[in-house]
Every structure is written in structure tokens, then in C-alpha cells.
Amino acid sequence: MKVRFTPGRVRARIDDLELAALTRGEALETRVEWPGGGWTLTLDPHGDTLGGNAGHLSVGLRARLPDLLDPAQEGVTLGGPPRVTVEKDFGPQHG
């Protein structure tokens, strides 16, 4: 998963294997740690809410997973704050 931050917004780009994991009910998590702190983003296929606490942002995708699976859709956006966009980034790396 690739993550990008801009003011008021988080953009996560997932590949085909990560989308398959979400459809199997597996949460995706990315984390960066530093001395005294860290940050985590979790994409949760069973959750319904968007929320954060102490450096952890959890994005519930249950209601939006059908849209994310639609081949005609490039991704989904959840209102915030922060506004979170999850985009499909399917390249030839797994094809």
C-alpha cells in the first residue's frame, strides 16, 4: 500500500493482491515508527467508520468494498475529516 498525505486528506493506493486480501476479509495495515511515536493506517473490510486515535487512522470499508471491487471504478472516497481516498493501482507487477 502506498500512502500520501496532503492537508486534510489521505490517499492510499492498493495493488491487486491487496484488494484480494480485503475481499478475503483481511485488514491491510501500514506503519512507520520513530523514537517516541509512530503512525499507522488500517484499511478494515469489516469496519463501517473512519476514525483516528493517537497516531492510528482506521478506515472502515465494508459499505464501500463493492464499489472498490467494481472494475469500472478507480477507487472510493470517504468523507472526513480527514477525507480518505482508496485507489486501485494495478500495474504489471503481479500480472
Just verifying a value: how many Å separate Asp44 CG and Glu29 CD, rounded to the nearest 0.5 Å? 10.5 Å

For Val76, the option from Asp70, Leu65, Asp67 that meets side chain to side chain contact (heavy atoms under 4.5 Å, CB included): Asp67

Working for side chain to side chain contact (heavy atoms under 4.5 Å, CB included), residues Leu28 and Leu41: CA-CA 8 Å; Leu28 300 179; Leu41 172 66; over 6 Å; no

To check you understand the geometry: which heavy-atom pair defines the closest contact between Ala27 and Pro45, and what is its length? CA-CD, 3.7 Å

Could you tell me the separation between the CZ atom of Arg13 and the CG atom of Asp15, rounded to the nearest 0.5 Å? 11.0 Å

Is it true that atom CG of Asn53 has more than 12 heavy atoms of other residues, nucleotides or ligands lying nearer than 6.0 Å? no

Report, one line per pair, each donor and acceptor closer than 3.5 Å where one atom sits in a side chain of residues 1-11; sequence neighbours left out.
unit_1 : atom_1 : unit_2 : atom_2 : d
Lys2   : NZ     : Asp89  : OD2    : 3.0
Arg9   : NH2    : Thr85  : OG1    : 2.8
Arg11  : NE     : Glu87  : OE1    : 3.2

Rounded at 0.5 Å granularity, tell me how far CD1 in Ile14 sits from CG in Leu19. 4.5 Å

Ignoring hydrogens, what is the shortest heavy-atom contact between Leu57 and Pro82? Give both atom names and the distance. CD2-CG, 4.2 Å

Short N-O contact, Arg31 and Glu33, less than 4.0 angstrom: yes

For Leu68 against Gly75, the heavy-atom pair lying closest together: CD1-CA, 3.9 Å

Separation between CG of Leu22 and NE2 of His46, rounded to the nearest 0.5 Å: 9.5 Å

Can you confirm whether Glu74 is buried at CD, in the sense that more than 12 heavy atoms of other residues, nucleotides or ligands lie under 6.0 Å from that atom? no

What distance do His56 atom NE2 and Thr40 atom OG1 have between them, rounded to the nearest 0.5 Å? 5.5 Å

Quick one: OG1 on Thr49 to CG on Leu61, what's the gap to the nearest 0.5 Å? 10.5 Å

